[in-house]
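Working notes, structure below.
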Amino acid sequence: MHLALRLQQLGVDTTLYAERSPDEHRAARPVNLVARFGHTRDRERVLGVDHFPDRLVPRSRFVVGGEFGVEICGAFAQEWSYIDFRIYIPQLVETYQRRGGQVIVEPVDAARARELSAQHELMVISVGGTSMAELFPRDPARSPFTGPQRRLLAMMVRGVDYLD
């Protein structure tokens, strides 16, 4: 979305193919909570999409489990921000549309991507699912994993102080 918004800002005619409409994103189950650190927040300001300035986090505690677990507490040079993807993506898509961007809601698999590539000068594919696995096969020499390696747990609270 940031690339589409930037190209649009530069006057490049773009078309965005999306698997879901903004309303379908909002109604979906939670899949991701995106943390937006300094450089991303700076980019959002340049793009005019800094829509969530009130969700700032001044201090953080990160815990990574496993055999050699790590816990890091501290403050970043700039406050960071968080947002649920079900809120973030629809807001960016709707901003893109308000500015004249064309959005086509159509699930695109590998075969359809090949067809669409003949209609466009440049095609950028950004996916997190498996619909494009045929175009981007896993290279076992580079990764021993055959599936996602994350567990999602997020808690956002206000009014709770850190213990020193």
Side-chain angles (χ1 to χ4, degrees), residues 1-58 60 62 75-143 145-154 156:
M1 280 310 312
H2 287 186
L3 176 60
L5 287 161
R6 182 63 177 146
L7 289 171
Q8 183 182 56
Q9 203 174 48
L10 295 171
V12 177
D13 186 31
T14 59
T15 301
L16 178 68
Y17 291 87
E19 191 170 354
R20 296 183 201 150
S21 71
D23 287 338
E24 289 170 324
H25 268 285
R26 286 184 189 94
R29 68 176 184 81
V31 293
N32 202 346
L33 180 77
V34 64
R36 296 156 27 256
F37 294 93
H39 67 280
T40 301
R41 294 186 59 236
D42 291 343
R43 182 178 335 123
E44 288 174 341
R45 281 188 282 280
V46 168
L47 294 172
V49 293
D50 184 22
H51 299 305
F52 309 100
D54 62 330
R55 298 174 187 259
L56 299 178
V57 179
S60 304
F62 298 95
F76 289 89
Q78 293 180 333
E79 293 177 314
W80 60 279
S81 182
Y82 62 89
I83 191 75
D84 185 324
F85 245 38
R86 295 172 302 169
I87 298 168
Y88 188 63
I89 295 298
Q91 184 70 46
L92 295 180
V93 171
E94 289 169 346
T95 299
Y96 172 79
Q97 287 177 299
R98 275 194 306 277
R99 294 175 181 174
Q102 180 180 7
V103 176
I104 298 173
V105 178
E106 169 190 339
V108 176
D109 60 11
R112 181 69 175 133
R114 285 189 186 93
E115 290 173 14
L116 291 170
S117 69
Q119 300 171 25
H120 300 283
E121 289 181 49
L122 172 67
M123 193 166 176
V124 176
I125 299 175
S126 173
V127 298
T130 58
S131 64
M132 298 289 189
E134 179 185 327
L135 292 177
F136 307 101
R138 183 182 76 84
D139 181 350
R142 295 180 182 263
S143 175
F145 304 109
T146 58
Q149 298 300 302
R150 69 177 181 189
R151 293 187 182 102
L152 176 64
L153 172 63
M156 299 162 282

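No experiment lies behind these values; they were computed from the predicted model shown.
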Taking atom [atom1] of [X] and atom [atom2] of [Y], what is their separation to the nearest 0.5 Å?
| X | Y | atom1 | atom2 | result |
| --- | --- | --- | --- | --- |
| D42 | Q78 | CG | CD | 5.0 Å |
| L116 | E106 | CG | CD | 6.0 Å |
| Q102 | Y17 | CD | OH | 7.0 Å |
| L122 | S117 | CG | OG | 10.5 Å |
| T95 | Q8 | OG1 | CD | 9.0 Å |
| I89 | E94 | CD1 | CD | 11.5 Å |

* May I have the step-by-step check of side chain to side chain contact (heavy atoms under 4.5 Å, CB included) for V105 and E24, ending in yes or no? => CA-CA 10 Å; V105 178; E24 289 170 324; 4.1 Å; yes

* Please name the pair of heavy atoms, one in P90 and one in P22, separated by the smallest distance, quoted to 0.1 Å. => CG-O, 3.5 Å

* Over all atoms of both residues, closest heavy-atom pair of V108 and A113 ->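 Closest approach of V108 to A113, heavy atoms only: CG1-N, 3.6 Å.
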
* Go through the structure and list residues passing salt bridge (charged side-chain N to carboxylate O under 4.0 Å, His left out) with R98, not counting sequence neighbours. =>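 Scan of R98 (salt bridge (charged side-chain N to carboxylate O under 4.0 Å, His left out), adjacent residues dropped) gives none.
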
* **Lys/Arg-Asp/Glu bridge criterion (N-O < 4.0 Å) met for E44, R41** => no

When you measure from the side chain of [X] to the backbone of [Y], do you find a donor-acceptor pair of N or O atoms at a distance under 3.5 Å?
| X | Y | value |
| --- | --- | --- |
| Q9 | V46 | yes |
| Q97 | V103 | no |
| R99 | L5 | no |

* Check whether any side-chain heavy atom of H51 sits under 4.5 Å from a side-chain heavy atom of I87, and report yes or no. => no

* Residues two or more places apart in sequence or in another chain: which of them pass side chain to side chain donor-acceptor pair (under 3.5 Å) with H2? ->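 Side chain to side chain donor-acceptor pair (under 3.5 Å) list for H2, sorted by chain: R43, Y88.
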
* Structure fact -> Result for side-chain contact (heavy atoms from CB on, under 4.5 Å) between V124 and one of L16, L7, L3, T14 points to L3

* D139 atom CG, neighbour heavy-atom count above 12 within 6.0 Å ->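 More than 12 heavy atoms, drawn from other residues, nucleotides or ligands, come within 6.0 Å of this atom.
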
